[in-house]
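Have a look at the structure below, then the notes.
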Amino acid sequence: MDRVRVRYAPSPTGYPHIGNIRTALFNWLFARHMGGSFIVRIEDTDQARKVEGAVESILDSLRWLGLDWDEGPEVGGRYGPYFQSERLDLYQRFARQLLESGQAYRCYCASERLSQMRAEMAERKEAARSYDRRCRSLSPGKAGDLESQGVPSAIRFKAPLEGQTAFQDLIRGEITFDNSELDDLVLLKSDGYPTYHLANVVDDHFMEVSHVMRADEWLSSTPRHVLLYAALGWRPPLYAHLPMILGPDKSKLSKRHGATSVVEYRDRGFLTEAMVNFLALLGWALDDKTEVMGRDELIRHFSIERISKTAAIFNQDKLQWMNGVYIRQLVEKQGHAEFARRALPFLESGLPERVKRPIDGEYVVRITPLAYERVNLLSELPARIDFFFLDELDYDAGLLVVKGMDRETAIAALRGCLQRLGGGPFDHTAIEGVMRSLAEELGLKPGPLFGLVRVAVTGRTATPPLFETMAVLGRDRCLRRLESALARLESSHAA
RNA sequence: GGCGCAUUCGUCUAGUUGGCCUAGGACACCUCCCUCUCAAGGAGGAGAUCGGGGGUUCGAAUCCCCCAUGCGCUACCA
């Protein structure tokens, strides 16, 4: 087999979504596995749909996932340029060549006529062909007239009227189409820009792309591409049509499915490691049990043979679980400081405004060990640990009425805490010792006592381990909060 | 409507040339253990007559045919 060269060829019409980027990932994994090249090519041939900033967001998404490209925007390469809008002369040249060899023709039909024609066909429920081939048989004289009148024209491919076109798909096997189903697709639009079909064939040829791995939605147009290669006298690449990623409603993923853009996942606190791993599992599997795999492992094992044929629905729950796995793994392998470093931006943006900025990184490193295994997304962190940063706790005094303890006992318990925590060491073992003996003296079970103090000190019922939490909060803050809780209890006349 | 592709637990999937599948794993769900709460972790449970119907075969989720359903394409969009 020749050198492996694959490409990711997005069109800059918006933020890449999960499906787009999964295609990029598969191409990248394949290239890295085979020691080949991963090319990024921007297919900006639709002037109308172009979106400002889209290229940047595409590259950002790739960078975030760590999908480095060997050729393409910013890095260049020997096969450039990598923006189709800069290769117009190439496409025009081959459109002209096809015209001259009689394999294409000029079409002067106005798009209004075409859409009207399609509407009528649909109305009559006719076997729809998108174009009635009117200009295919235009006499040279008539064509000349239209030309001299300045009627704009597109160049259409003269598709064979009969026979069949077949090709091997690496994932689906042999695919066959009757040529009678094919229409005369436009190669060059009247504005001089190529359509996807022409541009993709010309570019893949000249960029020496060996494998075209693209979404399933392209399967239907592949025979036209194969025919185009033949018309140009070129050898087509190998094709692998990837199963699509569907929205929860099982339809093609689009903006209307909510959180689908890749960058959004970054902003919601997903780790790139988890994202890469999870995306790789959408349509590909190593075996019947291995799921958590790092980048290197993915590269080592990736193969087209193990790509599945069936479309997949994106399962957010599982992604979140996997992100949790990676968070814990990150702490294990790279330590708390690294986790804190990644968490910091989310704290900066997610903690209440009244918390002083910048957030103290040193302090965060002491807190995150208590929180990292209680969170699946970095963005969940602020809400989970905000009480470490607030001066005034805001909570319902009713929470202080713990099950198994009446108001009087609670008041006595808080007073006991205040008394005994005023001096002596304030590390978590010392605190625990004090609290346990206090429970014993008051004839209380430890559980309810701890629950009461938990609410007093954090304002909530679910928190990291109490004594560690108190140690990090520090004696002063704990005492102040215990006093405040006491005051709340005393002033309340609740039953 | 036409064409193409697909169809295994709710979801992601394993199921190499038919037998080891009374269909395996994971997420989510439930129970229990651990435990100061919440998590994490551990152990279990429930959940798929492999879309349906016909074949072929000693034997089929795996091969063939038909049907159904879903999705995709059917643009001078990609």
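Numbers restart at 1 for each chain; the letters A, B, ... are given by sequence-line order, proteins then strands.
The side chain of A:R22 places no N or O atom within less than 4.0 Å of a non-bridging phosphate oxygen (OP1 or OP2) of B:C12. Phosphate proximity of B:A75 to A:S111: absent, as no side-chain N or O sits under 4.0 Å from OP1 or OP2. Of the side-chain N and O atoms in A:R224, none sit less than 4.0 angstrom from OP1 or OP2 of B:C73. Here A:K50 does not reach the OP1 or OP2 of B:A78: none of its side-chain N or O atoms lies under 4.0 Å away. For A:R118, no side-chain nitrogen or oxygen approaches OP1 or OP2 of B:U74 to under 4.0 Å.
B:U7 and B:A43 are spaced 35 Å apart, taking the C1' atom of each and rounding to whole Å. Rounded to whole Å, the C1' atom of B:G54 lies 14 Å from the corresponding atom of B:A60. Only the C1' atoms considered, B:A39 is 15 Å distant from B:C33, to the nearest whole Å. For the C1' atoms, the distance from B:U69 to B:G24 is 27 Å, rounded to whole Å. Across B:U31 and B:A68, the matching P atoms stand 44 Å from one another, rounded to whole Å. Rounded to whole Å, the separation between the P atoms of B:U57 and B:C21 comes to 26 Å. Taking atom P in both B:G44 and B:C20, one finds a spacing of 24 Å when rounded to whole Å. Rounded to a whole angstrom, the distance from the C1' atom of B:C32 to that of B:C50 is 32 Å.
Put simply, CE on A:M117 is 11 Å from C1' on B:U74, counting in whole angstrom units. Distance, A:I307 CD1 to B:A6 P: 14 Å, rounded to whole Å. Atom NZ of A:K289 is separated from atom C1' of B:C12 by 16 Å (rounded to the nearest Å). Taking atom CE of A:M244 as the reference point, atom P of B:A78 lies 17 Å away to the nearest angstrom. When the C1' atom of B:C76 is taken as reference, atom CD of A:Q47 falls 13 Å away, rounded to whole Å. Atom-to-atom, OH of A:Y131 to C1' of B:C77 comes out at 19 Å; the value is rounded to the nearest Å.
As judged by a 4.0 angstrom heavy-atom cut-off over every strand, A:R436 is placed among residues touching the sugar-phosphate backbone only. At the heavy-atom level, A:R214 lies nowhere under 4.0 Å from the strands shown. Using a 4.0 Å heavy-atom criterion, one finds that A:M322 contacts no nucleic acid atom at all. Using a 4.0 Å heavy-atom cutoff across all strands shown, A:F467 reaches at least one base atom of the nucleic acid. Counting non-hydrogen atoms under 4.0 angstrom, A:P152 reaches nothing in the nucleic acid. Across all strands shown, A:P194 has heavy atoms under 4.0 Å from sugar-phosphate atoms exclusively, and none from any base.
For the 3.5 Å distance criterion, the side chains of A:Y265 and A:Q316 qualify, holding a donor opposite an acceptor. For the residue pair A:D178 / A:S180, no side-chain donor-acceptor distance below 3.5 Å is found, with atom types taken as modelled. Looking only at atom types and distance, the side chain of A:Y91 has a donor-acceptor partner in the side chain of A:D203 under 3.5 Å away. Using modelled atom types, one finds no donor on one side chain facing an acceptor on the other under 3.5 Å when comparing A:H241 with A:R172.
When both distances must be under 3.5 Å, the Watson-Crick or G-U wobble mate of B:U57 does not exist. When both pairing distances are held under 3.5 Å, B:C71 makes a Watson-Crick or G-U pair with B:G4. For B:A28, there is no paired base (Watson-Crick or G-U wobble, both distances below 3.5 Å). Shown here, B:C21 forms no base pair; nothing in the strands shown gives a Watson-Crick or G-U wobble contact with both key distances under 3.5 Å. The partner of B:C38 cannot be assigned: no Watson-Crick or G-U wobble pair with both contacts below 3.5 Å exists in any strand. In this structure B:U49 sits in no base pair that meets the Watson-Crick or G-U test at under 3.5 Å.
Within the 4.5 Å cutoff, no side-chain heavy atoms of A:N376 are placed close to those of A:M322.
With A:Y131 as the aromatic partner, A:R156 meets the cation-pi criteria of under 6.0 angstrom to the ring centre and within 45 degrees of the ring axis.
Each of A:L114 and A:D178 was matched to the nucleotide of RNA chain B holding its nearest heavy atom; the match closer to the 5' end belongs to A:D178. Nearest-nucleotide mapping onto RNA chain B: of A:L282 and A:E432, the residue sitting toward the 5' end is A:L282.
With hydrogens and angles left out, the side chain of A:R454 and the base of B:C36 share a donor-acceptor pair within 3.5 Å. For B:A26, the base has a donor-acceptor partner in the side chain of A:K318 [N/O atoms by modelled type, under 3.5 angstrom]. Side-chain atoms of A:T195 and base atoms of B:C76 include no donor and acceptor less than 3.5 Å apart.
Shown here for A:F270 and A:L319, the closest heavy-atom pair between the two residues is CE2-CD1, 3.4 Å.
You'll find the ring centres of A:H197 and A:F157 outside the 6.0 Å limit.
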